[in-house]
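Here's the structure, in structure tokens; my notes come after.
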Amino acid sequence: KEHLGLLAEAEAMYRRATEIKPSERNHWLHLAGALGKQNKWNEAEVVLRQAVESDRNSLDLGINLAYALIQREQLDEAADVYLHVLARRPDYHEVHANLAFVRERQGRLEEALSSAERAIELKPDYAEGYNNLGTILRSMHRLDDARWALQKAVELNPGFALAEFNLGTTQLLAENYEQGWSGYRQYARVGESTSFDSNLPEWDGRAIPGKRLLVFADQGFGDTIQFARFLSGCRRQSAARIVFCCQAPLAGLFAGRADVDEVSVTSAKIAPCDFQVSLAMLPGLLGVRVETAASGMPYLQSHRELRSEIATMLWQGPVDALRVGLVWQGNPGQRRDVVRSCPLRKLLPLFDTSRSMFFSLQTGDYGRSQISENGLAERLVDIGNVLTDFSETAAVISALDLIITIDTATAHLAGALGASVWTMLCHTPDWRWHLHRADSPWYPTMQLFRQPKWGDWDAVVRDIQICLRRRSIQPPEIKSSARGAIVSK
């Protein structure tokens, strides 16, 4: 059943097997695996804890429990489990590598480095160990050493998609775009995503006059917004009719664009096309360099009128107040959300800024719940609660004076609109923000604020507080959609 993708049925059968023969550890491992494939990591953890209790001598059960704990971001306990395994088997090179991964996620980089080096010492031809070493060195900002380790991983295991992808993103992080795009192409293999239509040939950058070219978005919202700028270049280079397929909440942003002939959503049926290409492949096919990334800015405009409900929320308070939009929480399911999101309590010092009003653009219950938890219901206007899609968010951003956000789709949307945006970055951010810049080569109106050390949001907020005080005493810019503008009902 599991091989056929019938995971719920497989789960039921494995549960029955554990009841019939609870001493058989493979039954527990299979059950946990079926739960994991359904992203039921809470249940997988419970199953594995029960199995470990009944068989404390099984290293495999402990290792699988640690993996489930990692999926739930219980990193301290996962590390303890790995250390327990290593106490019994010090030469277990895979567990040293796994512990290195956990330590890197915790920001304990020197310990992570030591564990990764130990894994390679035990098994010198261990490609996965070199991959882990490379990502740790990247987190330590030792990019030359990281590239060497990742290249070694690829040499030891040609076709190692994850190492190729990590090598590509490390090149991009170092602003070596020409060398980075080829590795970045491996993201589809790493994420196990597939082409939109397996019967369509992939566009390779050649001119295909008059043909229908399907460009599909298969990454996150922010990636789609960032790479949508290349649709115009794709149209020029291909001479094709562009059919753009994106996530439904983004479709309104791209409707009516001159560089797109048709806009569709992922779930809709699309008329036959001749070629296909992933949106994220366009910068490589178009030869984008760091110097040309911002060409054509801004490339999104807000044409949507503000609903009266939102306009009323926006224009309360003093007319001359600096109106600031805030986003502090990304999608909790995103792999790096634990390092990119900043708890709202860390932003409390900003609310002492005079002549400033703050508006939450935060969507999702997990992020919005922090408003009341921090006693900010009266000081932070919760617009995120009524936003319907990204085109409406774009209208709100265009009406505000400043956006302060973590690395999430809002940062890309504000940058693409040409709005003033300050982006808060973790110590080692995603490749597109690089390491040492205060500006962004992707968005000219964006300013970057970086953690000086792992997890140090307090320093970021202090820097923003200084800049915000300066900004708040400047006369506010008069927006075209400002007070008294016509709004829709």
Side-chain angles (χ1 to χ4, degrees), residues 39-43 45-46 68-77 105-107 220-222 247-250 307 309-310 312-314 316-317 323-353 356-390 392-397 400 402-414 421-426 429-430 449 451 455-458 460-461 464-465 468:
N39 285 320
K40 296 180 178 179
W41 291 110
N42 289 10
E43 296 180 47
E45 178 191 341
V46 171
L69 291 167
I70 291 170
Q71 302 309 309
R72 302 196 60 226
E73 294 299 334
Q74 297 183 29
L75 300 180
D76 291 343
E77 189 174 359
R105 291 290 295 274
Q106 293 175 303
F221 293 136
Q247 304 94 323
L250 292 174
R307 287 186 286 129
E309 175 187 13
I310 294 177
T312 299
M313 298 170 76
L314 276 174
Q316 60 183 287
R323 284 166 162 75
V324 182
L326 293 180
V327 176
W328 57 90
Q329 176 66 52
N331 176 7
Q334 202 257 18
R335 188 179 67 84
R336 286 184 58 81
D337 191 66
V338 67
V339 294
R340 69 165 178 166
S341 288
C342 174
L344 179 57
R345 68 178 184 277
K346 296 288 186 179
L347 301 182
L348 291 177
L350 302 183
F351 291 88
D352 294 330
T353 308
S356 299
M357 290 191 63
F358 296 90
F359 301 84
S360 167
L361 307 185
Q362 187 71 55
T363 58
D365 293 341
Y366 184 66
R368 291 183 53 252
S369 65
Q370 297 179 44
I371 298 175
S372 58
E373 289 171 3
N374 288 278
L376 291 172
E378 301 298 322
R379 303 172 67 188
L380 180 57
V381 182
D382 186 7
I383 291 181
N385 186 40
V386 297
L387 292 175
T388 56
D389 62 11
F390 279 92
E392 188 160 65
T393 304
V396 172
I397 288 173
L400 293 171
L402 173 66
I403 306 299
I404 300 175
T405 177
I406 59 160
D407 172 14
T408 190
T410 303
H412 293 282
L413 179 57
V421 52
W422 295 353
T423 303
M424 307 168 61
L425 299 176
C426 62
D430 194 68
F449 294 81
Q451 290 181 348
D456 189 0
W457 287 121
D458 292 333
V460 172
V461 172
I464 289 178
Q465 189 177 25
L468 188 60

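Just so you know, residue 1 is the first one in the sequence shown, and it goes up from there.
Listed here is the closest heavy atom pair of R345 and N374: CB-OD1, 3.1 Å. In this structure, A414 and V421 approach most closely via the heavy-atom pair CB-CB, 3.8 Å. Residue D389 comes nearest to P249 through the heavy atom pair CB-O, 3.7 Å, listed as atom of the first residue, atom of the second, then distance. Nearest heavy-atom pair across E309 and V386 is OE2-CG1, 3.2 Å.
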_side chain to side chain contact (heavy atoms under 4.5 Å, CB included) for T405 and L326? Distances and angles first, verdict last._
CA-CA 6 Å; T405 177; L326 293 180; over 6 Å; no

| task | Determine, step by step, whether L387 and I310 satisfy the side chain to side chain contact (heavy atoms under 4.5 Å, CB included) criterion, reporting the C-alpha distance in whole Å, the side-chain angles of both residues, the deciding distance to 0.1 Å, and the verdict. | result | CA-CA 9 Å; L387 292 175; I310 294 177; 4.2 Å; yes

Going through the checks in order, is the side chain to side chain contact (heavy atoms under 4.5 Å, CB included) test met by M424 and I404?
CA-CA 7 Å; M424 307 168 61; I404 300 175; 4.0 Å; yes

*Would you please test E392 and R307 for salt bridge (Lys or Arg N to Asp or Glu O under 4.0 Å) and show each step?*
CA-CA 9 Å; E392 188 160 65; R307 287 186 286 129; 2.6 Å; yes

Please report the C-alpha distance between F221 and Q247 in whole Å, then the side-chain angles of each, then the deciding distance to 0.1 Å, and finally whether the side chain to side chain contact (heavy atoms under 4.5 Å, CB included) criterion is met. CA-CA 8 Å; F221 293 136; Q247 304 94 323; 3.5 Å; yes

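Judged purely by atom type and a 3.5 angstrom limit, T408 has no side-chain atom pairing as donor or acceptor with the backbone of T410. Proximity of a side-chain donor or acceptor of R323 to a complementary backbone N or O of L314 within less than 3.5 Å is detected. Using a distance-only test at 3.5 Å, with no hydrogens or angles considered, a donor-acceptor pair links the side chain of Q362 to the main chain of W328. Under a 3.5 Å cut-off, the side chain of Q329 and the backbone N or O of S341 do not form any donor-acceptor pair.
C342 is not listed as a side-chain neighbour of V460, based on a closest heavy-atom distance of 4.5 Å or more. With contacts defined as side-chain heavy-atom distances shorter than 4.5 Å, the pair W457/Q451 qualifies. The side-chain heavy atoms of R368 and N385, taken from C-beta on, include a pair separated by under 4.5 Å. Side-chain contact between V324 and I403 is absent, with no heavy atoms from C-beta onward closer than 4.5 Å. Looking at heavy atoms from C-beta onward, L347 lies out of side-chain contact with I464 at the 4.5 angstrom threshold.
Residues that satisfy the side-chain contact (heavy atoms from CB on, under 4.5 Å) test with R72, not counting sequence neighbours, are W41, N42, E45, Q74.
Between K346 and D456 there is no salt bridge, since no side-chain nitrogen of the basic residue lies less than 4.0 Å from a carboxylate oxygen of the acidic one. Salt-bridge check for D430 with R336: failed, with every basic side-chain N at 4.0 Å or more from each acidic carboxylate O. Salt bridge annotation for R105-E73: present, with a cationic side-chain nitrogen under 4.0 angstrom from a carboxylate oxygen.
Atom CD of residue Q370 and atom OG of residue S360 lie 10.0 Å apart, to the nearest 0.5 angstrom.
More than 12 heavy atoms of other residues, nucleotides or ligands sit less than 6.0 Å from atom CZ of F351.
Side chain to side chain, D76 and Q106 meet the donor-acceptor criterion of an N or O pair below 3.5 Å. No hydrogens or angles considered: nothing links the side chains of S369 and D365 as a donor-acceptor pair under 3.5 Å. Side-chain contact annotation: N39 with Q71, donor-acceptor N/O pair under 3.5 Å absent.
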